[in-house]
Amino acid sequence: MCGIVGYAGRNQAASILVDSLKRLEYRGYDSAGISLFNGELATHKTVGKIADLEAIIPDDLDACIGIGHTRWATHGKPETRNSHPHVSGNVSVVHNGIIENYMMLKEELIEKGYEFKSDTDTEVIAHLLHQKMYASDKSIDLLTSMRETIECLEGSYAIAALCTDESEKIIFARKDSPLVIGVGEDGNYAASDVTALLKYTKDILYINDNETGTVSPDEIRVFGQDGNLIKKDIETVEWDIEAAEKAGYDHFMLKEIHEQPTSIQNTFAGKLLELEGNIKLDELYLSKEQIKYLRRATIIACGTSWNAGILGKYLFEKLAGIHTDIETASEFRYGNPVLCGEELTIAITQSGETADTLAAVRSSMSYGCKTIAITNVVGSTIARECDSVLYTRAGPEIGVAATKTFTAQLITLYMLAIHLGRSRNFISPDDAKKLIIGLKKLPGQVQKILNRKETIKECADIFADRRDYFFIGRYLNYPVALESALKLKEISYIHAEGYAAGELKHGPLALLTKDTPVVAIATKGHTYDKILSNIKEVKARDATVIAVADEDDTEIEKYADVVLRIPSSHELIAPVLSSVTLQLLAYYTALARDCSIDKPRNLAKSVTVE
Ligand code: M6R
């Protein structure tokens with residue numbers, strides 16, 4: 001997730017762009033840049049925050065039109081050369097989104113003589129715009145070039161572009177990434193969201209997918225996919241700046257839960273080869289031979305990432321036949337691991353900076369193990385130190401409680417397990433295809449859960465005053481139980497335990513009373529009958545059962561007191577849907593208890609100390 005801005009007007013563009021970018025920093029903050037037209041193209045960019053960019057912009061830069069960008073790296077490390085804008089000749093571009101087919105486009109452009117200066121997917125857009133305007137036999141304007149360029153792109157984008165030959169306007173395009181246009185008195189604006197523009201205007205045009213257009217000082221033109229001019233109504237927003245950063249949500253956590261249809265899509269964008277029944281993981285530096293003879297994998301992580309790792313263990317064993325251990329990083333580093341060089345270590349860490357995880361991975365490296373990092377932060381320490389990195393591409397997460405980064409970790413683990421399983425011929429292309437189809441359905445299914453969130457809120461409100469909560473699940477639903485308990489205790493301060501449902505009878509049943517809500521994750525699958533038996537054990541102790549169940553399950557109501565429904569899905573994939581449901585349960589419980597949801601007491605987003 002990145003932020004883009006543009007301004008065409010009668011005031012100094014540099015200060016407006018910098019100020020607007022500061023408001024978008026929550027969308028990404030590892031590097032930034034601007035391009036302005038002051039007789040020629042003046043581009044300034046740097047690694048770091050917007051304040052670092054501000055420091056390098058000359059005071060005497062006299063320009064009234066420009067574009068800007070704040071970056072959250074997805075392709076290429078946070079380095080100045082990977083920062084936006086990307087320039088091709090006299091064309092400059094900023095982009096938010098992911099171009100899935102950029103490798104193929106890059107090869108074609110290199111053959112045509114274009115030289116790439118960055119590792120980003122975005123640079124192909126700059127060269128395509130330039131090539132279509134200047135290097136083909138016809139002469140076209142920037143808007144036409146933009147239309148022809150987006151025809152070549154697969155993926156998501158909000159783009160703003162400048163060209164010195166049409167220096168009075170900015171050209172924009174949008175598909176699957178947000179873009180708004182601000183209507184001002186001294187000029188007009190483009191931005192990833194209204195937050196960036198509130199200081200200048202509250203009059204907004206919302207751009208839809210497949211629309212393109214131009215922003216000039218006195219005119220805004222929007223065109224549909226068919227090239228026809230569209231008349232858009234101006235909408236006046238009433239938000240203050242803080243509300244706008246949260247896109248109108250009360251908390252970042254709720255916003256981030258709602259971003260999951262998009263973040264999940266971004267995690268698997270360009271990687272699911274449905275027809276071949278395979279996963280494209282070019283970032284994995286493991287040869288076919290190494291994968292074939294892999295004997296053991298060890299997953300190392302902390303907190304939520306560790307919970308994701310348990311699901312990873314089950315998946316690697318089920319789909320790839322690889323014996324997998326899951327280790328808590330803080331324990332592993334002081335244990336006596338028995339590892340050898342042909343083994344694989346997988347470190348899962350959202351931040352890429354967790355001290356315990358880094359230390360544990362370094363220890364496993366000392367045995368000669370191959371290492372893979374699964375992280376959300378491009379260029380983080382773990383990403384720099386491991387042999388391969390799989391980025392989860394969930395975008396920045398501000399709430400301390402991990403939500404969208406957890407589901408992104410799960411999606412990455414599904415993809416890695418399928419990839420390893422196919423490379424070892426452990427699963428058939430058909431079985432892989434079924435899983436891929438299941439993954440592709442997830443964004444729509446998660447949206448369905450979000451649309452029904454009121455039911456989850458009602459349930460949360462009923463039990464918000466309880467002292468203890470239990471979460472139980474079997475097999476793949478066991479890590480969901482652990483993660484959901486962690487989420488609830490972290491933000492609502494209710495004591496919550498996640499348990500393997502079969503373990504209840506070995507002790508914890510003694511704690512259950514009529515006042516203890518027990519959430520049973522009871523999705524269809526080969527342990528379904530077993531969890532029904534566990535629910536009966538719970539009911540026999542008079543505790544209240546909240547079941548998470550498939551929408552087509554007609555049995556469950558006979559057993560549970562409250563049922564939270566999720567769309568029916570592939571058995572292995574249902575944990576993603578149950579997790580989103582229980583993130584909302586935790587959120588609404590904390591809301592009812594008036595807790596500090598985004599910054600829970602005693603916790604930090606990134607734990608860089610032991
Ligand atoms: O950045 P990491 O994934 O390595 O962080 C690990 C834990 O600190 C983290 O998951 C923590 O448990 C979260 N606050 C959970 O919501």
Side-chain angles (χ1 to χ4, degrees), residues 30 72 251-257 259-260 263 267 299-312 326-333 345-362 364 371-386 389-413 471 479-494 496 498 579-580 582-587 589-590 595-610:
D30 59 40
W72 178 260
H251 297 95
F252 279 109
M253 181 182 177
L254 189 61
K255 173 171 174 276
E256 285 153 7
I257 291 173
E259 281 170 352
Q260 288 176 107
S263 58
T267 304
I299 300 177
I300 293 173
C302 302
T304 287
S305 300
W306 182 75
N307 294 334
I310 299 175
L311 186 113
I326 165 81
E327 301 277 355
T328 307
S330 55
E331 287 297 311
F332 180 87
R333 62 185 294 195
T345 297
I346 301 164
I348 309 176
T349 161
Q350 177 279 131
S351 61
E353 304 294 347
T354 300
D356 286 325
T357 308
L358 285 170
V361 169
R362 285 173 191 148
S364 102
T371 51
I372 302 177
I374 296 180
T375 183
N376 197 40
V377 181
V378 176
S380 54
T381 307
I382 201 89
R384 291 196 305 273
E385 295 195 6
C386 285
V389 191
L390 301 178
Y391 287 116
T392 51
R393 297 175 178 173
E397 192 173 66
I398 312 290
V400 164
T403 52
K404 63 175 179 169
T405 56
F406 173 67
T407 49
Q409 289 170 344
L410 298 187
I411 303 300
T412 307
L413 289 163
F471 291 80
V480 178
L482 292 176
E483 171 58 11
S484 306
L486 176 64
K487 220 75 310 167
L488 187 72
K489 69 182 111 180
E490 188 174 29
I491 60 166
S492 75
Y493 315 143
I494 293 179
S579 299
V580 174
L582 296 175
Q583 289 168 357
L584 284 165
L585 185 75
Y587 173 80
T589 306
C595 295
S596 164
I597 292 180
D598 284 334
K599 290 188 180 137
R601 69 181 178 214
N602 306 338
L603 299 181
K605 185 72 188 159
S606 183
V607 187
T608 55
V609 291
E610 198 184 329

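Here the structure is a predicted model, which is why all the values come from computation and not from measurement. Counting convention: from 1, in listed order, for ligands and their atoms alike. Nothing fancy with the numbering, it's 1 onward along the sequence.
Considering backbone and side-chain N/O of L486, none are found under 3.5 Å from N/O of ligand 1. At least one N or O atom of T349 sits closer than 3.5 Å to an N or O atom of ligand 1.
Checking A355, A301, S305, C302 against atom 7 (C) of ligand 1, the nearest heavy atom belongs to C302. Remark: among candidates I300, I382, T354, T375, the nearest residue to atom 2 (P) of ligand 1 is T354, based on non-hydrogen atoms.
From the protein, the heavy atom lying nearest to atom 1 (O) of ligand 1 is S351 OG, 2.6 Å. Here the protein heavy atom with the shortest distance to atom 8 (O) of ligand 1 is V607 CG2, 3.8 Å. In this structure, the protein non-hydrogen atom closest to atom 10 (O) of ligand 1 is T304 N, 3.0 Å.
Each of V361, T371, I374, I326 was evaluated against I346; a single residue qualifies, I374, per the side-chain contact (heavy atoms from CB on, under 4.5 Å) test.
Listed here is the closest heavy atom pair of S351 and T375: C-OG1, 3.9 Å.
Of all the atoms in ligand 1, the ones that sit under 4.0 Å from a non-hydrogen atom of Q350 are 1 (O), 2 (P), 3 (O), 4 (O). The ligand atoms of ligand 1 that sit less than 4.0 angstrom from a heavy atom of A401 are 16 (O).
Taking 4.0 Å as the cut-off, K487 counts as a neighbour of ligand 1 on heavy-atom distance.
At a heavy-atom cutoff of 4.0 Å, ligand 1 is contacted by the side chain of E490 but not by its backbone.
Between the side chain of Y493 and the main chain of R601, a donor-acceptor pair closer than 3.5 Å is present.
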